[in-house]
Number of protein chains: 2
Amino acid sequence: MAGRATRNVTLRDVAERVGVTPAAVSMALSGSPRISASTAERVKAAAAELGYVPSSAAKALRSQRSGAIALIVPNSTQHVFGHSYFMHVLTGVSSAANERDAQVLVSTSASEASGLTAYERVMRSRTADGALVTSAAIGDRNIERLAASGLPVVLLGNYPDLPDASSVGWDDLSASRMVTEHLIVDHGKRRLLHVTGPLDHQTSVDRREGFLQAVRAHGQEIDAAVVEGDFSEDSGAAALDGTSFGDAGYDGIVFANDDMAFGGLQALRRKGLRSPEDVAIVGFDDFGLSRTTDPGITTVHVPAEELARIAAERLFALIEHPQGSPTRDDLEVSLVRRESCGCPRQDVVLLRD
Amino acid sequence: MAGRATRNVTLRDVAERVGVTPAAVSMALSGSPRISASTAERVKAAAAELGYVPSSAAKALRSQRSGAIALIVPNSTQHVFGHSYFMHVLTGVSSAANERDAQVLVSTSASEASGLTAYERVMRSRTADGALVTSAAIGDRNIERLAASGLPVVLLGNYPDLPDASSVGWDDLSASRMVTEHLIVDHGKRRLLHVTGPLDHQTSVDRREGFLQAVRAHGQEIDAAVVEGDFSEDSGAAALDGTSFGDAGYDGIVFANDDMAFGGLQALRRKGLRSPEDVAIVGFDDFGLSRTTDPGITTVHVPAEELARIAAERLFALIEHPQGSPTRDDLEVSLVRRESCGCPRQDVVLLRD
DNA sequence: CTGAAAGCGCTTACAG
DNA sequence: CTGAAAGCGCTTACAG
């Protein structure tokens, strides 16, 4: 742990050691054919010996490219979409960035209302070559400002209002219809409740619409209601307050995410109702929680890591070819059957024998 | 979404618009008293009008400071410490960085064995003014190389082998002793099992030692055994295979983290044993999971977000004063009583009435 | 083919 | 007090 601060070793130092010009060193290190093999050899040896590390600032200034991408997390999102979602996204982005030796910058908004937004941080620093935006709110004007600033941008999620922006997502509507029909068709549920996410996010709107489409498709037989939540566990529980359950109430609940489903599960328990026996429930996301509860929560598995990885790859392509036309990728989701819907337990459980 | 790429607006452009030198614009924008209020006013107006955004690369090159800090996540750690831990850390780092308008760079190792390590990425890019290292393995030589490279470094966790490094942590040993004694003293458990984390991490070593100290303090009355795990849910379950339980076996298990406790809980259930009735269990971390299981897992709450925030603050101080002496911060942890140890449930549950 | 200058966009130390 | 040059460390376009 010696580490006293020494002056940075630069190209010049390496050049002097070898007896060539800095330009030659630069070319040698980047493998230019202009430099003879033997000189390149000596340059590399000298660079290693001196512990030369190129200055990213100088390189960025000269080449007008920082080699970094930013992951923008609008303030609300951090709360709205939760830790697990974000970690999957970060993992996907990092793995794509690592493959290209790019840096990943995470830009969040200040927690207090004061301070810059995550967007402003990225735009004002010009320190990233492009930006990824995770699940912004519907009509968030910052996205347009970001794109208008000339920075390549790829959005994670669905943004029908921004058809000119590149984005990667999955079909929340179909998925929500699918999981709702699972309750109706496979489990014969007839009195359904849907608890939405925050309706200023497209995801919530789409999941609600999927629920409603499933209900309409079986219209004559189904009673349905919708209550607004905000993706938080508490809102899942609160949605059930004042709602009548049991014989006279709902026999199935479609929560727009797993956190709310878990809140709902606890609320049901407090009301003395069992799931799935009294009320079947399903969630959405499958980021981990739904597997740990008892009963396990039937849900829609969503490929968040892949989403992010692909978005990052699209962003790199956009940085390379800024004039390319916008892209759209749609990923597959899948139904994960656990016990909360009434399906049999997958892993065998032997009660004490 | 117009956003066709235009040449960057520079200080020169602003200077020409106003009719002063670039140097004057620079000073005006940084609020130098050398510039008159009226000129500063005109400069700011012109800058806003032109959409001037300073070049972070030029600023970094000139001032020899990037305004970014790196959060280094060694490859293994990502798996070892899990998503929740890391998200808490990232949240803490971001909030400290936002307060100082610093950028946060997340550096992970490539998932494949090929490619650079997270350390190398940071050292080789010189794109951060300092680095935070989350929970590296014991004897990880990269930490010393990082510090020797002259980069200010603050470590998250305990590193007795690196007494000269600044670090922030909490006392795993005492905490583990405390939670073990909870089982012994408050719940009268006498045949205890400890499932460790990966023993190449100081955290695991300390938690094991805390367990053993508690056992020794009640030596004559306690039977104790230790099994090695790796913090994964599966290893928590595997630790119980081949172990005898029930009347002839253990009546209490101290898991070194919550994920393993959850794995253990499921394994017990498969064996037909109930918790806490047949076997009391406790975990460690309280990052979320332990609250969602049934029964809830009694655990040690660990302030990971605060850890990271303080570490980032120490790092900024170190960047400012590289010659300052190393610092050490110790944070408080607390016991969270849930049901898995035998404590009564906190939230009231009315079973169907 | 090769050598050495120009310049990326800033900020600050210097000259006047 | 103020103006304008020097220079941070690179890379590439240019001159020879």
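Order of the sequence lines fixes the chain letters, A, B, ..., with proteins taken first and strands second; residue numbering starts at 1 for each chain.
One N or O on the side chain of Ser166(B) and one on the backbone of Thr327(B) form a donor-acceptor pair closer than 3.5 Å. The main-chain N or O of Thr127(B) is found under 3.5 Å from a side-chain atom of Ser66(B) such that the two form a donor-acceptor pair. A donor-acceptor pair under 3.5 Å is absent between the side-chain atoms of Tyr159(B) and the main chain of Asp164(B), judged by distance alone.
The stretch residues 25-53 of chain A touches DNA chain C through Met27(A), Arg34(A), each having a heavy atom within less than 4.0 Å of the strand.
By the 4.5 Å heavy-atom criterion applied to side chains, Glu49(B) and Arg17(B) are counted as neighbours.
The line from OG of Ser95(A) to CZ of Arg100(A) is 11.5 Å long, rounded to the nearest 0.5 Å. Remark: Asn142(A) CG to Ile72(A) CD1 distance equals 8.5 Å, nearest 0.5 Å.
The nearest heavy atom of DNA chain D to Ala57(A) and to Ala24(B) marks one nucleotide each, and the one closer to the 5' end goes with Ala24(B). Mapping Ala58(B) and Ala23(B) onto DNA chain D by nearest heavy atom places Ala23(B) closer to the 5' end of the strand.
The nearest whole Å value for the distance from the CD atom in Glu16(B) to the P atom in dG9(C) is 12 Å. Atom P of nucleotide dC8(D) and atom CG of Asp13(A) are separated by 11 Å, given to the nearest angstrom. Distance CZ (Arg12(B)) to P (dC10(C)): 11 Å, rounded to an integer number of Å. If you measure from atom CZ of Arg124(B) to atom C1' of dC10(D), you get 17 Å, rounded to the nearest angstrom. The CG atom of Leu61(A) sits 13 Å away from the C1' atom of dT11(C) (whole-angstrom rounding). Atoms CZ (Arg65(B)) and P (dT12(C)) sit 12 Å apart, rounded to a whole Å. Atom pair Arg62(A):CZ and dG7(C):P shows a separation of 10 Å (rounding to whole Å applied).
In this structure, dA4(D) makes no Watson-Crick or G-U wobble pair, since no nucleotide meets both defining distances under 3.5 angstrom. Remark: dA13(D) base-pairs with no nucleotide in the shown strands. Criterion, Watson-Crick or G-U wobble with two distances under 3.5 Å.
Checking the phosphate oxygens (OP1, OP2) of dG9(D), a side-chain nitrogen or oxygen of Gln64(B) falls inside 4.0 Å.
Results of the side-chain contact (heavy atoms from CB on, under 4.5 Å) test with Thr134(B) over Leu90(B), Leu155(B), Val89(B) single out Val89(B) as the only residue that passes.
If you take atom C1' in dA13(C) and the same atom in dC10(D), they sit 23 Å apart, rounded to whole Å.
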